[in-house]
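Reviewing the structure listed below.
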Amino acid sequence: ETGVTQTPRHLVMGMTNKKSLKCEQHLGHNAMYWYKQSAKKPLELMFVYNFKEQTENNSVPSRFSPECPNSSHLFLHLHTLQPEDSALYLCASSQDRSQETQYFGPGTRLLVL
Amino acid sequence: GIQVEQSPPDLILQEGANSTLRCNFSDSVNNLQWFHQNPWGQLINLFYIPSGTKQNGRLSATTVATERYSLLYISSSQTTDSGVYFCAVVTYSGGGADGLTFGKGTHLIIQP
């Protein structure tokens, strides 16, 4: 248990569906992150939120839409995804500076048909 | 952006053996973490080590920041040590939160 939870753990969706991934942290952190892990590719950063403000968007397509209503919750809204978006989506949190340990959730394994 | 290279990409050892995993990075860093990813995808924190040496049981890590590399040592390997080990870094920035840049990982298999 890292103190970061993600739901759902597994998700299958069609290309025309809309779904949302949820992340919650119980560590009192102020920064939250979305990462993507595709087969045979390094983990790559998608978004960074610090004190609920988006501070980094790593050239992510607009079919991925993040939302951070408060410092404890982070969502990733998905719409009109492509099969190549199938991957493990990992959420992480840390305190508000880069020199802090990041703690990861268990991930959501997404399959787009 | 910063480059992170891990070696070896794959490593197969017998139970009880020792191993050394290496991480080279191309720029100065203010955050370096080692993770173990289990078969279910969970990233388990091993060390936060932007410089210096730390030990935790059979695992230890050393980062030589001036030479831009870090080493992860696993002694007396057990089958449960199998999995993928990742090194991840953050370069110096304006001070706010920054995402990690990951290496491609070392896939470790410990055979009984």
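The figures that follow rest on heavy atoms only: side chains count, while hydrogens, waters and symmetry mates do not. Letters A, B, ... mirror the listed sequences (proteins, then strands); counts begin at 1.
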Please say yes or no: joined through hydrophobic side-chain contacts below 4.5 Å, possibly via intermediate residues, are [X] and [Y] part of one cluster?
| X | Y | result |
| --- | --- | --- |
| A:Tyr49 | A:Leu78 | yes |
| B:Leu46 | B:Ile49 | yes |
| A:Trp34 | A:Met13 | yes |
| A:Leu21 | A:Met15 | yes |
| A:Leu74 | A:Leu76 | yes |

For this session: Please assess B:Phe35 against A:Leu43 for the test side-chain contact (heavy atoms from CB on, under 4.5 Å), listing each intermediate value before the final yes or no.
Result: CA-CA 12 Å; B:Phe35 297 92; A:Leu43 272 132; over 6 Å; no

Problem set entry | Residues from residues 106-113 of chain A approaching chain B under 4.5 Å (heavy atoms) | A:Pro106, A:Arg109

For this session: Calculate, to the nearest 0.5 Å, the distance between atoms CD and OH belonging to A:Gln102 and B:Tyr48 respectively.
Result: 10.0 Å

Exercise. If you measure from OG1 on B:Thr101 to CG on A:Leu45, what distance do you get to the nearest 0.5 Å?
Worked result: 7.5 Å

Exercise. At a heavy-atom separation under 4.5 Å, does A:Thr101 approach chain B through its side chain, its backbone, both, or neither?
Worked result: both

Seminar exercise, completed: Cut-off 4.5 Å, heavy atoms of chain A, and the answer for B:Phe47 is neither

For this session: Measure B:Gln37 against the heavy atoms of chain A and call it side chain, backbone, both or neither at under 4.5 Å.
Result: side chain

Exercise. Which residues, numbered in order, of residues 18-32 of chain B come under 4.5 angstrom of chain A by heavy-atom distance?
Worked result: B:Asn30, B:Asn31

Exercise. What is the minimum heavy-atom distance between A:Tyr33 and B:Ala97, and which atoms define it?
Worked result: OH-CB, 3.4 Å

For this session: Could you walk me through whether A:Gln37 and B:Phe86 pass side-chain contact (heavy atoms from CB on, under 4.5 Å), step by step?
Result: CA-CA 12 Å; A:Gln37 187 176 28; B:Phe86 288 104; 3.6 Å; yes

Exercise. According to the side chain to side chain donor-acceptor pair (under 3.5 Å) rule, which pairs have a member within residues 65-74 of chain B, sequence neighbours left out?
Worked result: B:Trp34-B:Ser70, B:Thr63-B:Ser70

Seminar exercise, completed: Among A:Ala92, A:Ala31, A:Gly105, the residue with the most heavy-atom pairs under 4.5 Å to chain B is A:Gly105

Problem set entry | Side-chain donor or acceptor of A:Tyr35 paired with backbone N/O of B:Leu100 under 3.5 Å | yes

Exercise. Is the count of non-hydrogen atoms from other residues, nucleotides or ligands lying under 6.0 Å from B:Gln78 atom CD greater than 12?
Worked result: yes

Seminar exercise, completed: B:Ser82 meets the side-chain contact (heavy atoms from CB on, under 4.5 Å) criterion, sequence neighbours left out, with B:Ile110

